[in-house]
Enquirer: 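Mind looking over this structure? Questions follow.
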2 protein chains.
Amino acid sequence: MGRRDGGADEKGEPGTVVTPSAEFPPLDEQELGALRRIGEQWRAAGPSRPSGDLPIDPTLRRHPGEPAPGRFGRLAPIAMFQVGEPGELVATEPANVPGTRLGRELGRLRRALFGPPLRSTAVLYERMRKLVALPVLSSDLLSSVAYGPEAMLAVLVLAGSGALGLSLPLAAVLAVLMVAVGLSYRQTVVAYPHGAGSYVVATDNLGARPGLAAAAGLMVDYVLTVAVSVAAGVHAVTSAMPRLAEFAVPLGVLTIAVLLAGNLRGVRAAGNLFVWPTYAFVFALLAVLVVGYARAGARDFAPVAPPPVPVVEGVGLLLVLRAFASGAVSMTGIEAVSNAVPAFRPPEWRNARTTLGWMVGMLVLLFVGLTVLIHLNGLVPTPEATLLSQLARATFPAGPWYGIVQATTALILLLAANTAFAGFPRLLFFMARAGHAPRRFLHMGDRLAFSDGLVALALAAGVVFVAFRGYTESLIPLYAVGVFLAFTLSQAGMVVHWHRRRGRGWRRRAVVNAVGGTLSGLVLVTAAFSKFTEGAWVVVLAVPLLVLLSLAIHRHYRMLNRSLALHPSPDGPGPATAPAPLPGAAEPGAPGEAQELPQQVRHLVVVPVARLNRAALRALAYAVSLGQPTLAVHIAPEDPEADRFREQWRAWGDHVRLETIVSPYRAVIGPLAHYLEALHTTRPEVLLTVVVPEVVVRSRWHRPLHSRTEQRLRRALRPLPGVVVTNLPVHLDH
Amino acid sequence: MGRRDGGADEKGEPGTVVTPSAEFPPLDEQELGALRRIGEQWRAAGPSRPSGDLPIDPTLRRHPGEPAPGRFGRLAPIAMFQVGEPGELVATEPANVPGTRLGRELGRLRRALFGPPLRSTAVLYERMRKLVALPVLSSDLLSSVAYGPEAMLAVLVLAGSGALGLSLPLAAVLAVLMVAVGLSYRQTVVAYPHGAGSYVVATDNLGARPGLAAAAGLMVDYVLTVAVSVAAGVHAVTSAMPRLAEFAVPLGVLTIAVLLAGNLRGVRAAGNLFVWPTYAFVFALLAVLVVGYARAGARDFAPVAPPPVPVVEGVGLLLVLRAFASGAVSMTGIEAVSNAVPAFRPPEWRNARTTLGWMVGMLVLLFVGLTVLIHLNGLVPTPEATLLSQLARATFPAGPWYGIVQATTALILLLAANTAFAGFPRLLFFMARAGHAPRRFLHMGDRLAFSDGLVALALAAGVVFVAFRGYTESLIPLYAVGVFLAFTLSQAGMVVHWHRRRGRGWRRRAVVNAVGGTLSGLVLVTAAFSKFTEGAWVVVLAVPLLVLLSLAIHRHYRMLNRSLALHPSPDGPGPATAPAPLPGAAEPGAPGEAQELPQQVRHLVVVPVARLNRAALRALAYAVSLGQPTLAVHIAPEDPEADRFREQWRAWGDHVRLETIVSPYRAVIGPLAHYLEALHTTRPEVLLTVVVPEVVVRSRWHRPLHSRTEQRLRRALRPLPGVVVTNLPVHLDH
């Protein structure tokens with residue numbers, strides 16, 4: 001696959017641009033050619049379209065008088081459509097209202113919750129200034145300092161308070177890692193000026209499977225971003241208000257639900273919403289640092305001795321590695337800029353690179369600054385209050401400052417969770433466009449949001465959150481693996497990228513990415529191994545399973561596309577120089593479904609008749625009026641009943657050939673399905689159309705009073721090739 | 001309604017005979033006349049049935065070579081049908097096998113559990129000798145002495161052990177009641193020699209509502225027979241084996257499940273199975289009586305003083321009435337003979353009457369004998385062991401006799417529950433035939449059993465059993481009300497019956513029934529009032545609700561039948577002397593569904609096309625091949641997509657008129673449904689046929705990968721009048 005450096009690559013896929021038309025990909029040249037040849041074969045059958053022969057004007061213009069309102073609402077259905085270009089109507093908003101009363105009520109509720117539907121043309125491609133982009137894109141990254149240092153210290157404290165000092169060298173190593181990965185991503189921004197996340201970079205350079213592995217890692221990452229951020233946010237709140245601690249799980253679930261609702265609503269002008277909490281958080285933390293270091297300076301930076309803590313395990317390599325991997329989760333969200341390059345003002349790549357630089361700088365500053373300050377204050381992780389809360393309390397023992405720190409922390413964590421709600425559905429959209437995820441994720445809901453992806457994320461995050469009882473510490477081991485898998489694959493992809501392109505200075509660039517990738521890979525391996533039993537096994541298991549699932553989905557869609565691909569009918573009366581079937585185009589599979597030209601279709605209409613009543617006679621009239629050969633079938637439970645029915649048939653006049661089938665075991669569906677199959681086996685080239693009248697009851701309370709034979713019949717006939725089922729609704733009087 | 005004294009009444013309903021053809025009632029004379037006139041209107045349109053024009057021989061005779069096996073099994077589908085009379089095929093057993101693998105597996109499991117299907121001709125009309133009929137019909141009645149005396153004493157003991165002596169006068173009154181009701185039913189047997197339960201007698205003589213009230217009472221009675229008998233049977237077992245006491249509820253549920261399975265299997269030759277446990281139970285109880293009285297005689301019939309019991313309430317009228325009503329449940333099952341008169345050998349009514357006499361005699365003997373003996377032995381009801389168990393233990397302190405009494409008691413209670421499984425579905429069948437219950441209860445399953453009725457009974461009984469934790473005492477208050485409601489209405493019906501007929505000695509007969517009915521009515525009122533708060537309110541509430549439900553069902557079916565009734569088309573080109581529409585025949589309700597003659601139907605075929613692929617082109621080919629005016633519709637999410645699609649359409653050759661609808665809110669189903677409604681509104685007399693291709697995926701795992709638009713579309717279009725939906729299956733290659 002080539003590099004996607006245009007607005008659309010050679011396959012017509014518009015890069016990272018999201019459009020509502022993605023559900024309807026255009027035909028490629030080969031398919032268009034096949035379509036033209038099929039059209040010629042149709043033409044050979046003579047004029048299939050006598051002009052002006054439609055009994056109703058499809059443009060809805062010639063209607064007599066004022067139309068009556070339809071049963072779907074007060075508006076007449078005709079008024080729901082405006083005439084656009086010739087042959088085109090535009091549906092107005094009321095045309096989306098469902099037909100059933102329940103559906104309308106639900107629609108009204110939906111509208112109240114999520115707002116009125118938005119037009120496709122309302123898709124915004126906002127461009128961001130750097131000062132806006134920084135808070136928008138960095139909330140995920142910067143918010144992780146709220147739980148990263150704590151996660152690291154929570155591991156170290158297992159070896160007693162003496163081991164807490166190890167946090168300083170670990171923070172230094174992590175700072176190096178942050179800078180390395182940051183430099184790596186700076187290069188990605190330049191190389192993919194139209195934006196590319198780990199999935200795209202890995203797919204492009206390493207192939208489909210590594211790409212899917214990166215995607216799986218990212219999916220896990222997004223789910224855990226929501227779970228961890230919400231857990232940490234709730235913890236920030238309960239640290240300040242301990243009485244809420246017992247409601248932590250419902251509070252978190254409620255938060256996820258609110259985030260889902262907000263995103264289903266499709267938050268407009270999200271940028272402005274993001275600006276101030278992020279800056280407020282950064283300034284609050286900077287205040288903590290300044291005041292904290294000032295106080296520490298007052299006592300000559302002598303560290304306060306931490307309270308003694310029971311030793312659970314000795315200081316070993318494994319413990320240090322686990323602490324390191326836990327601290328590394330502070331880097332989640334660093335890839336946000338590379339996804340969003342096109343959202344910057346031009347020159348996009350330069351602005352994006354600058355923003356990334358600021359972000360990483362700020363991250364290193366906050367992370368290292370907080371870790372050292374925590375050490376100086378001799379703070380120890382406790383389940384009651386977060387370290388940040390303890391630190392803020394120690395720094396600002398009185399006044400509103402403590403509350404401000406906690407509030408901005410909770411807020412930025414909420415925003416971080418929200419970024420996952422932006423990223424996850426986009427990732428699924430790109431995967432679905434490549435056929436690696438269910439197609440439903442291509443569909444934009446009526447608020448222009450990818451509703452299915454949002455719901456999937458909220459469900460997954462909710463399940464994870466509840467399963468781990470909203471306890472941040474237990475979620476961290478799962479988190480690191482997914483994040484660093486995506487980092488590693490993305491950087492490895494960049495190395496291959498530079499190697500392939502061999503532009504100016506490619507070696508240097510490759511080395512930068514190789515260093516970033518290697519370090520990420522080391523963290524990945526560290527996290528996967530050292531935390532395997534603590535929960536990382538879930539992710540280690542989930543990623544390959546997700547990859548296998550994606551591959552299976554892809555296989556199914558490829559088979560589907562091949563089956564549905566256009567190819568001229570082989571035995572059709574095509575032009576003299578009928579082209580050979582296209583290579584790769586599959587032959588129609590099921591016998592009896594080869595009729596692809598009108599002139600090839602031979603009909604037999606079959607009408608199952610249980611009783612001679614108005615519904616049955618309407619079905620017979622419909623069948624006969626089609627002008628095709630017609631056969632009526634009656635299934636009788638006993639011989640005498642069959643005789644009686646034939647007598648009635650003769651009384652009617654025997655207008656249609658009748659075949660009665662005695663079913664001595666009283667089953668109806670089975671014998672009828674087998675009889676149709678037998679007819680089909682006799683002459684597979686004849687298409688059977690089964691006309692089934694269906695009594696439509698208005699109230700669902702009345703449904704159990706009807707046998708619903710037509711639905712069971714339809715289900716039984718569905719696997720049969722060459723059997724078409726026509727449902728003739730019969731509406732009851734009242 | 002007249003009396004049903006023939007094999008079938010004037011409506012062709014075959015009395016109490018149950019046939020598989022009941023689902024297909026024949027047309028009456030009026031309907032046949034309408035059918036003939038409609039046939040003439042069809043003929044007026046010209047020959048609608050050119051001879052020999054079917055492309056496939058419907059008798060399946062002309063098939064080339066040996067047919068290949070179908071996908072439904074190893075047998076070729078053609079071989080599944082045998083040619084019967086001309087125009088008739090007979091399905092063999094394999095023709096019932098479902099088409100899906102899951103269905104086949106379920107079918108195999110079903111067959112293993114319930115046996116192979118039975119032919120309709122296997123319905124047996126066995127005739128019973130009196131010595132066989134006695135145990136078969138009396139198990140329900142006689143088994144009630146296992147809990148009747150206990151239920152009575154359990155109420156009396158609330159007033160302390162001194163009140164237990166009241167059981168003797170109460171037993172005497174109950175014996176009188178038993179004889180009176182027995183004499184009443186003797187007369188029913190004679191008056192309805194073809195068998196008639198309370199529902200039929202009450203409906204015939206008192207009208208539909210009292211009949212339904214009797215039916216509701218009987219339904220409650222059947223459900224409680226199962227629940228009470230199983231509860232008492234389990235109690236008999238746990239009395240002998242106290243360690244099983246904690247498993248009483250699961251044991252009972254298991255018993256109900258086994259009963260259900262046995263009845264779904266359709267127990268053949270049930271008579272012989274019933275003979276020996278009933279006789280064994282009677283003989284075991286007679287042995288208890290003989291030995292017990294011999295011992296009592298040895299001490300000059302001096303009653304043993306019962307142990308002191310705490311007094312919960314004083315002896316009052318209410319207490320006595322409650323005890324009386326509880327003891328009266330011993331009479332449940334007395335009506336069995338009157339239902340089953342035709343099952344006796346001729347002269348049926350005389351044999352039935354004799355059997356009834358024996359049964360009542362035996363009941364009085366056992367009930368009074370046991371009550372007196374319990375009194376003489378000074379036994380008191382305890383939760384641990386039944387009174388019968390205590391009595392048997394006191395009578396046979398050693399040896400196997402105690403075990404035999406308990407085993408036969410449990411067994412006869414099981415048989416009593418089983419009789420409800422015979423009666424309940426039959427009752428629902430008769431109700432369904434009269435349109436008072438869902439039609440599904442007319443259907444005989446493949447084992448010739450009314451499967452739906454059996455399942456309904458087992459579910460209801462299981463729910464009641466579990467809700468009352470299998471505790472017999474709590475169920476008794478509910479029981480009495482239902483039973484005596486049916487008794488009362490049946491006897492009242494008989495009084496009206498005699499009064500209407502005024503045959504020889506009608507006054508005497510009416511008096512006998514009036515006495516029986518009055519006594520039953522007194523018990524009914526007693527039970528309903530004295531036990532209202534103890535649970536009788538459930539039944540007092542349930543009966544009218546069931547009656548209302550039945551009436552609502554009847555109303556719906558009447559509306560349905562009127563809507564579907566045959567009547568010649570008013571504007572059809574009928575014969576010159578076109579008859580006026582039949583009185584009572586409703587006009588066709590929905591506009592656009594008035595086309596009932598082939599010559600009236602005007603077509604427009606609409607094909608929704610999302611993408612131009614093989615599925616869409618097949619749908620278009622199918623539509624065009626029907627030779628009717630055709631319109632294609634495309635729903636586009638954006639204007640550019642609409643333009644692109646029209647371009648492709650032109651590349652194909654524009655063979656079908658295309659209308660694109662831009663749906664700016666990206667919904668598909670809503671705008672399409674409204675557009676079709678708009679077309680329909682423009683010209684309601686044109687029938688719209690919507691051809692929808694449906695991709696059929698073989699594995700259910702693949703279904704979430706497809707949008708299933710066709711199903712949502714079908715659901716949205718169902719309420720629209722005049723819109724026919726045709727499903728064109730497209731099977732994938734593998």
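Throughout, a chain's letter reflects where its sequence line sits, starting with A, and its residues are numbered from 1. Note that the structure is predicted; figures quoted are calculated from it, not measured.
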Enquirer: May I ask you to name which of Pro640(B), Pro664(B), Ala91(B), Pro438(B) has the most heavy-atom pairs under 4.5 Å with chain A?
Expert: Pro664(B)
Enquirer: Top residue by heavy-atom pair count (under 4.5 Å) with chain B, among Val696(A), Leu604(A), Leu626(A)?
Expert: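 The answer is Leu626(A).
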Enquirer: CG/Leu687(B) to OG/Ser625(A) distance, rounded to the nearest 0.5 angstrom?
Expert: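 Rounded to the nearest 0.5 Å, the CG-OG separation comes out at 7.5 Å.
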Enquirer: Return the CH2 to CZ distance between Trp652(A) and Arg43(B), rounded to the nearest 0.5 Å.
Expert: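 Nearest 0.5 Å value for the CH2-CZ distance: 10.0 Å.
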Enquirer: Is Val723(A) close to Pro729(B) at the side-chain level, that is, under 4.5 Å between some pair of heavy atoms?
Expert: no
Enquirer: Which residues satisfy the side chain to side chain donor-acceptor pair (under 3.5 Å) test with Thr630(B), sequence neighbours excluded?
Expert: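 Here no residue qualifies.
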Enquirer: Heavy-atom pairs under 4.5 Å with chain A are the metric here; pick the option from Asp643(B), Thr726(B), Leu89(B) that has the most.
Expert: Leu89(B)
Enquirer: Mind checking whether Leu27(A) and Arg611(B) have side chains closer than 4.5 Å, heavy atoms only?
Expert: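 Yes, at least one pair of side-chain atoms sits under 4.5 Å.
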Enquirer: Is there side-chain contact between Ile56(B) and Leu688(A), with heavy atoms separated by less than 4.5 Å?
Expert: yes
Enquirer: Chain A heavy atoms under 4.5 Å from Arg644(B): which part of the residue, side chain, backbone, both or neither?
Expert: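 For Arg644(B), the side chain is the part near chain A, not the backbone.
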Enquirer: If I measure from the heavy atoms of chain B, does Leu564(A) come under 4.5 Å with its side chain, its backbone, both, or neither?
Expert: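 Both backbone and side chain of Leu564(A) come within 4.5 Å of chain B.
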Enquirer: Which one wins on heavy-atom pair count under 4.5 Å against chain A: Ile553(B), Val633(B), Val691(B), Asn561(B)?
Expert: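 The residue among Ile553(B), Val633(B), Val691(B), Asn561(B) with the greatest pair count is Ile553(B).
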Enquirer: May I ask you to name which of Gly653(A), Ala636(A), Ala651(A) has the most heavy-atom pairs under 4.5 Å with chain B?
Expert: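 Looking at each of Gly653(A), Ala636(A), Ala651(A) in turn, Ala651(A) comes out on top.
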Enquirer: Looking at Leu717(A), Ile669(A), Asp639(A), which one has more heavy-atom pairs under 4.5 Å with chain B than the rest?
Expert: Asp639(A)
Enquirer: Counting C-beta onward and ignoring hydrogens, is there a side-chain heavy-atom pair between Ile38(A) and Leu617(B) closer than 4.5 Å?
Expert: yes
Enquirer: Going by side chain to side chain donor-acceptor pair (under 3.5 Å), name the residues that satisfy it together with Glu694(A), two or more places apart in sequence or in a different chain.
Expert: Asn727(A), Arg718(B)
Enquirer: Of the backbone (N, CA, C, O) and the side chain (C-beta and beyond), which part of Tyr675(A) lies under 4.5 Å from a heavy atom of chain B, both, or neither?
Expert: both
Enquirer: What residue, out of Arg440(A), Gln648(A), His706(A), Arg715(A), has the most heavy-atom pairs lying under 4.5 Å from chain B?
Expert: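 Greatest number of close heavy-atom pairs with chain B: Gln648(A).
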Enquirer: Is it the side chain or the backbone of Phe645(B) that comes within 4.5 Å of chain A heavy atoms, both, or neither?
Expert: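 Neither part, no heavy atoms under 4.5 Å.
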Enquirer: Could you look at Ile635(A) and say if it's the side chain, the backbone, both or neither that has a heavy atom under 4.5 Å from chain B?
Expert: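 Contact with chain B is through the backbone of Ile635(A) alone.
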Enquirer: Do His674(B) and Phe81(A) make the cut of ring centroids closer than 6.0 angstrom?
Expert: no
Enquirer: Is there a donor-acceptor pair under 3.5 Å between the side chain of His655(B) and the backbone N or O of Trp42(A)?
Expert: no
Enquirer: Using a cut-off of under 4.5 Å for heavy-atom pairs, which of Pro671(B), Gly670(B), Ala616(B), Ala667(B) has the most such pairs with chain A?
Expert: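 Option with the greatest count: Pro671(B).
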Enquirer: Heavy atoms only, distances under 4.5 angstrom: which of Leu705(A), Ile661(A), Asn613(A), Val695(A) has the most pairs with chain B? Name it, please.
Expert: Leu705(A)
Enquirer: Heavy-atom distance under 4.5 Å between the side chains of Asp57(B) and Leu679(A), does that happen here?
Expert: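 They are not in side-chain contact.
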Enquirer: Tell me, for Arg666(A) versus chain B, whether the close heavy atoms (under 4.5 Å) come from the side chain, the backbone, both or neither.
Expert: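 The answer is both parts of Arg666(A).
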Enquirer: Name the option with the most non-hydrogen atom pairs under 4.5 Å to chain A; the candidates are Arg439(B), Arg36(B), Arg714(B).
Expert: Arg714(B)
Enquirer: What's the verdict on side-chain contact (heavy atoms from CB on, under 4.5 Å) for Glu659(A) and Glu88(B), showing C-alpha distance, side-chain angles and the deciding distance?
Expert: CA-CA 6 Å; Glu659(A) 190 72 22; Glu88(B) 179 175 306; 5.7 Å; no
Enquirer: Using non-hydrogen atoms only, which part of Val90(A) is less than 4.5 Å away from chain B: side chain, backbone, both, or neither?
Expert: both
